[in-house]
Number of protein chains: 4
Amino acid sequence: MALRADAARNRAAILAAASEAFAQHGPKATTEQVAQQAGVAVGTVFRHFPTKDDLLIAIMKESLERLATLANDSTLAEFFGAVADEAVRTRMVVTALGDSRLDIGDALRGLTDSVRQLLERAKAAGEARPTVQVDEVMALLTAATYAAQQSSWTSDLRHRTLAVILRGLR
Amino acid sequence: MALRADAARNRAAILAAASEAFAQHGPKATTEQVAQQAGVAVGTVFRHFPTKDDLLIAIMKESLERLATLANDSTLAEFFGAVADEAVRTRMVVTALGDSRLDIGDALRGLTDSVRQLLERAKAAGEARPTVQVDEVMALLTAATYAAQQSSWTSDLRHRTLAVILRGLR
Amino acid sequence: MALRADAARNRAAILAAASEAFAQHGPKATTEQVAQQAGVAVGTVFRHFPTKDDLLIAIMKESLERLATLANDSTLAEFFGAVADEAVRTRMVVTALGDSRLDIGDALRGLTDSVRQLLERAKAAGEARPTVQVDEVMALLTAATYAAQQSSWTSDLRHRTLAVILRGLR
Amino acid sequence: MALRADAARNRAAILAAASEAFAQHGPKATTEQVAQQAGVAVGTVFRHFPTKDDLLIAIMKESLERLATLANDSTLAEFFGAVADEAVRTRMVVTALGDSRLDIGDALRGLTDSVRQLLERAKAAGEARPTVQVDEVMALLTAATYAAQQSSWTSDLRHRTLAVILRGLR
DNA sequence: TATGAATGAGAGTTCATTCAT
DNA sequence: GATGAATGAACTCTCATTCAT
């Protein structure tokens, strides 16, 4: 059991380190770099995530789940803001996703479900017009994700950009 | 001069092949693949573009210039559509931009200038509200670029997504 | 610690193989050849010596240190002979030094120090005239190094050539 | 005939440029660099010297012939000085010679003959002791060649180094 | 289980040489 | 003859992944 605790702690450390590493150096971040930042040896990284892609997927899933939870008690405006912020944190990982055809289907479906409910509440609250559908909201969330990676992204630009989207949804 | 013609033809072939290759396999597409698709030897690719990044940059610049030209005689709505379509064609290239810190400064500034003028015209035509600034339009164009890479991107989704953005700008 | 032992053994094997390879094929010897001769994979060579030049440098340093040690208990005549012999063994490596601007500063300074002391002892023993300075001795050692690479270098020629130098120093 | 004159001029220009280039960048100097420095295209270089090695050989032969001529009317001391100076000019070329097994046999034999005669005159003049043989003089000339490539080579060091050799020969 | 050295396929890049113009 | 674009074998170096300890 002590070992299992160690293992769990390692897994978490690796995930955190990987997030950092990919955010900093993009998908080009080496597994070795990740290991180093996590304070373990490469072998340990591969024991927990048999493939580099598995690592990427794990990070994505974590991120998407965090967002799904957030979606459950946010307004539409709050949520778009949260997504943009998360994008700034996770930076390149999302980019990396485009690369390999990673299977994040479940997590994405989970998020979509949460967003669907969020959208219903938003419609009820007059935050979104009735004709809006989930898939365009998802597309716009993705869009916001990338807009947030603009090198000129400031809190002011963030505000104005999201305002346009939110205004368009209403 | 005759050789110059051959060289020019090769340069074009390489650019086209590279566009294709990167669109298909992402930035991971091999220089060798590009060469093969262009019907030349690797050395020729490197003679024209001393570095893989130079190739990426060239493609990006071409794309941005094409868009800048387009911006000059389009409405806001038409332009957003065009950008989305270009994004679908160029697929991964834009993603690759995040990867290496490629220097597309000039081309990007050129595009921004064209968009600035487009925005003025749009304001005059009542297509955009007076308070809208160029940088958020640029951010939204980037955003649209990525939204267009959604695997579920259909002409219907395209329409609804862009409609939201355009409505938000008005 | 066990792995450390393996690693050390590999490092030594690589150095030995590289010495051989460079002696045989000159600095043009492939890293792959070195690896093969050492019985390891290329990656291992690069793990130990991140750059081909690092490998060359390492060999040179080893050689210079061996000579510095030798200088400590030799007469002037013995040392010149030893240097010539080392040159025959190491053949091309010394040549390679001219190629890339390799940084062997330290090792060279170390050797110079040893030779300086050797020279003092030689003067005391009447083996060298008092006006001789270290730098010309170093130059002559370099010279002997290359003379020893003459294709016609025999033990007889070796004897007569070194005799001239030694006589000149006395 | 006009063409032949052009060709001859080109040949000379290429040889000069190659000397320069190899002196500056060592044997790593590119044929392209040579061509550029000579003001011709690569193809022209290859027309005159079918192989890079042929170029190296040509330079060496030229150099050796120049020295052979010099040997004909010099004292031993003058000649050693001339050789050292030539070495400084031609720098890396000599190094390059070690690399490829270039066939300079004739030229070398020619030089050896001249040196043999020089040596006879030197013996007659009391500049060299009777027991000295040509091959050690040749070895010492090679040696001087390399000594002259010492980074610390100054006119003072040159004087002291050559003095030792000449004293040893007497 | 963790470690980190070893592996080796693969990628980018160079450059002597060829050849169409 | 000259040009310089094209060729492609060869080389250095990287990095995901494996495995002996």
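Atoms considered below: every heavy atom in the structure, side chains included; atoms not considered: hydrogens, waters and symmetry mates. So that the names make sense, note that chain A is the first sequence line, chain B the second, and so on, each numbered from 1.
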Whole-Å distance separating the [atom1] atom of [X] from the [atom2] atom of [N]:
{"X": "D:Arg9", "N": "F:dA2", "atom1": "CZ", "atom2": "P", "answer": "11 Å"}
{"X": "B:Leu55", "N": "E:dA11", "atom1": "CG", "atom2": "C1'", "answer": "14 Å"}
{"X": "D:Lys28", "N": "F:dT12", "atom1": "NZ", "atom2": "C1'", "answer": "13 Å"}
{"X": "B:Glu32", "N": "E:dT14", "atom1": "CD", "atom2": "C1'", "answer": "13 Å"}
{"X": "B:Gln36", "N": "E:dG12", "atom1": "CD", "atom2": "C1'", "answer": "16 Å"}
{"X": "A:Phe22", "N": "F:dC15", "atom1": "CZ", "atom2": "C1'", "answer": "12 Å"}
{"X": "A:Phe46", "N": "F:dT17", "atom1": "CZ", "atom2": "P", "answer": "5 Å"}
{"X": "C:Leu56", "N": "F:dC13", "atom1": "CG", "atom2": "P", "answer": "11 Å"}

Determine whether [X] and [Y] make a side-chain contact, defined as any pair of heavy atoms from C-beta on separated by less than 4.5 Å.
{"X": "B:Arg9", "Y": "B:Asp6", "answer": "yes"}
{"X": "A:Ile59", "Y": "A:Phe22", "answer": "yes"}
{"X": "B:Leu55", "Y": "B:Ile14", "answer": "yes"}
{"X": "B:Thr31", "Y": "B:Phe49", "answer": "no"}

Output the single nucleotide from [options] whose closest atom is nearest the side chain of [X].
{"X": "D:Ala41", "options": "F:dT3, F:dT17, F:dC13", "answer": "F:dT3"}
{"X": "A:Val40", "options": "E:dT3, F:dA6, E:dG4", "answer": "E:dT3"}
{"X": "C:Lys52", "options": "F:dA2, F:dT12, E:dA2", "answer": "F:dT12"}
{"X": "A:Thr44", "options": "F:dA5, E:dA2, F:dA2", "answer": "E:dA2"}
{"X": "A:Arg47", "options": "F:dG1, F:dA5, E:dA2", "answer": "E:dA2"}
{"X": "D:Val42", "options": "F:dA2, E:dT17, F:dC15", "answer": "E:dT17"}

By nearest-nucleotide position on DNA chain F, the 5'-leaning member of A:Pro50 and C:Thr30 is C:Thr30

Would you write the dot-bracket representation of DNA chain F, where each base gets (, ), [, ], | or . depending on whether it forms a Watson-Crick or G-U pair under 3.5 Å and with which partner?
.||||||||||||||||||||

Starting at NE2 of D:His48, measure out to CG of D:Asp54 and round the result to the nearest 0.5 Å.
13.0 Å

Hey, is the side chain of [X] poking within less than 4.0 Å of OP1 or OP2 on [N], counting only N and O atoms?
{"X": "B:Thr51", "N": "E:dT13", "result": "yes"}
{"X": "C:His48", "N": "E:dA6", "result": "yes"}
{"X": "C:Asn10", "N": "E:dA5", "result": "no"}

Do you see a donor-acceptor pair shorter than 3.5 Å between the side chains of D:Glu20 and D:Gln24?
yes

Need one value for C:Thr31: base, sugar-phosphate or nothing, where a base atom within 4.0 Å counts as base even if backbone is also close, heavy atoms only.
sugar-phosphate

The residue, B:Gly43 or B:Gln33, whose nearest nucleotide of DNA chain E is more 5′ is B:Gln33

Walking DNA chain E from its 5' end, the first of B:Phe49 and D:Ala29 to be reached, judged by nearest nucleotide, is B:Phe49

Work out which heavy atom in A:Ala148 is nearest to a heavy atom in A:Ala87; give both atom names and the distance.
CB-CB, 4.2 Å

On a heavy-atom basis, which atom in A:Lys52 and which in A:Ala29 lie closest, and how many Å separate them?
NZ-O, 3.0 Å

